[in-house]
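Beneath this line is the structure, given in structure tokens, with notes to follow.
Numbering of ligands and ligand atoms starts at 1, following listing order. For clarity, every value in this text was computed on a predicted model and none was experimentally measured.
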Amino acid sequence: MSFDALAPWYRTLEWIAFGDDLQRCRVACLGEIAAPKHVLIVGEGNGRFLRELLRLHPDVEVDCVDASERMLQLARQRVSDELGDWGERVRFLHRDVTLWSPPERRYDLVVTHFVLDCFAGAQLAAVVKKLGCSATDDANWLLADFCVPSSGTARFRARGWLAAMYLFFRITARIQASALSDPTPYLRAEGFVLARRDFFRRGIAKSELWGSEPAFANVVAGARS
Ligand SMILES: C[S@@+](CC[C@H](N)C(=O)[O-])C[C@H]1O[C@@H](n2cnc3c(N)ncnc32)[C@H](O)[C@@H]1O
């Protein structure tokens, strides 16, 4: 699996397919959480979520883990160009999260945007468990990803898009998964509770805020669905 070859084209391809909707999806719940101290971003990609996080919370410390060196370079370049002195606050870690051992109970915010869809079955369960163990007792978890509406023409449309996207990413990035798996039961098993969910692009993408229950005191908005 490698997103290196795709990395320079990723932003353009996303814009052609989805316009700005996926970026709106990434940041939709960001304003809902109290200022985090230690953030883990897994599969950050080219740095557009990271930039918004640093703009909103300039004092945060971030570990940014990605298996693609090229994506990490783009992310590093973006924050450097657009935010200037981001100093020591971001550590860019070139790691495969399936092999990486994160520190235990370290992060009060975990972010997995459009990355859990690269995993399926036991591997998805293991990744969520590992990240859950790296979260503090009062952590929040931001998750943006694709999804399939439960009925109607939107459901058929979403299934068509997903089939095309999985074919594309299996060929170009050699991802392991061949279909979308729902991480919801694994997040619940780690003690996280859904605080907010918003849908985008006629229900094909979702933005979720999950909290460990003590963290709900810090959540501004209540559950919406
Ligand atoms: C589909 S891209 C999503 C990028 C970005 N988060 C976004 O919102 O568009 C998936 C990202 O996850 C990274 N990734 C995929 N599998 C990974 C793994 N096993 N370990 C670490 N990063 C991984 C890829 O390198 C890529 O940057």
Side-chain angles (χ1 to χ4, degrees), residues 1-30 39-54 62-79 90-102 107 109-131 134 141-147 161-162 164-181 183 186 198 200-201 204-209:
M1 188 288 303
S2 174
F3 277 73
D4 279 348
L6 263 183
W9 311 105
Y10 189 83
R11 172 74 185 96
T12 307
L13 291 172
E14 178 187 316
W15 187 82
I16 291 168
F18 299 107
D20 281 332
D21 284 348
L22 299 195
Q23 181 62 6
R24 293 197 304 121
C25 186
R26 289 181 191 104
V27 299
C29 296
L30 185 55
V39 180
L40 172 62
I41 307 178
V42 177
E44 159 53 42
N46 56 26
R48 287 189 300 146
F49 174 81
L50 174 63
R51 175 192 58 199
E52 299 310 318
L53 174 75
L54 293 172
V62 186
D63 283 348
C64 205
V65 173
D66 202 296
S68 164
E69 179 70 48
R70 194 76 186 89
M71 284 289 200
L72 287 173
Q73 282 169 4
L74 290 171
R76 191 184 287 114
Q77 191 69 49
R78 185 183 303 281
V79 293
V90 185
R91 289 200 306 160
F92 293 96
L93 303 171
H94 183 210
R95 305 275 191 282
D96 181 335
V97 71
T98 64
L99 306 174
W100 182 55
S101 299
Y107 303 105
L109 177 62
V110 176
V111 182
T112 52
H113 285 345
F114 299 101
V115 62
L116 294 183
D117 54 7
C118 296
F119 309 111
Q123 196 173 48
L124 176 61
V127 167
V128 173
K129 186 171 183 53
K130 180 185 289 195
L131 301 184
S134 77
W141 189 317
L142 293 175
L143 163 67
D145 224 322
F146 294 104
C147 55
W161 265 110
L162 283 166
M165 283 192 289
Y166 272 97
L167 181 63
F168 177 77
F169 284 116
R170 279 176 70 82
I171 292 170
T172 57
R174 296 200 164 84
I175 63 168
Q176 183 220 29
S178 54
L180 190 63
S181 300
Y186 309 123
D198 294 305
F200 295 82
R201 203 78 179 182
I204 194 178
K206 65 180 180 182
S207 176
E208 292 179 343
L209 166 59

Please write down residue, atom name and distance for the protein heavy atom closest to [atom].
| atom | value |
| --- | --- |
| atom 8 (O) of ligand 1 | Arg26 NE, 2.6 Å |
| atom 17 (C) of ligand 1 | Met1 CE, 3.6 Å |
| atom 14 (N) of ligand 1 | Val115 CG2, 4.0 Å |
| atom 10 (C) of ligand 1 | Phe114 O, 3.6 Å |
| atom 5 (C) of ligand 1 | Glu44 O, 3.2 Å |
| atom 27 (O) of ligand 1 | Asp66 OD2, 2.7 Å |
| atom 4 (C) of ligand 1 | Gly43 O, 3.5 Å |
| atom 20 (N) of ligand 1 | Val97 N, 2.8 Å |

Decide yes or no for Met71 and Glu44: does some side-chain heavy atom of the first lie under 4.5 Å from some side-chain heavy atom of the second?
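A side-chain contact under 4.5 Å is absent here.
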Any Arg174 side-chain heavy atom under 4.5 Å of Ser2 side chain
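Sidechains of Ser2 and Arg174: no contact.
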Of all the atoms in ligand 1, which lie at a distance below 4.0 Å from a heavy atom belonging to [X]?
| X | answer |
| --- | --- |
| Ser68 | 25 (O) |
| Arg95 | 20 (N), 21 (C) |
| His113 | 3 (C), 5 (C), 6 (N), 7 (C), 8 (O) |

For ligand 1, is there an N or O atom under 3.5 Å from any N or O atom of [X]?
| X | value |
| --- | --- |
| Phe3 | no |
| Val65 | no |
| Glu14 | no |
| Thr98 | no |

Can Asp20 and Arg11 be counted as an ion pair, charged N to O under 4.0 angstrom?
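Looking at Asp20 and Arg11, the cut-off is met.
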Which part of Phe119 is near ligand 1, with near meaning a heavy atom under 4.0 Å away: side chain, backbone, both or neither?
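The answer is the side chain.
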Would you call the rings of Tyr10 and Phe169 parallel, tilted or perpendicular, where under 30° means parallel and over 60° means perpendicular?
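Rings of Tyr10 and Phe169: tilted, as their planes differ by 30° to 60°.
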Does Asp117 reach the main-chain N or O of Leu180 with its side chain, forming a donor-acceptor pair under 3.5 Å?
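Side chain of Asp117 to backbone of Leu180: no pair is present.
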Check Val115 against Asp145 and note the closest heavy-atom contact, atom names and distance.
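Smallest heavy-atom distance, with atoms named: N-OD2, 4.2 Å.
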Assess Phe49 for proximity to ligand 1: is some non-hydrogen atom of it under 4.0 Å away?
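Phe49: no contact with ligand 1 (<4.0 Å).
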Run the ring-centre check on Phe146 versus Phe18 and record whether the distance is less than 6.0 Å.
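Judged by ring-centre distance (under 6.0 Å), Phe146 and Phe18 do meet the cut-off.
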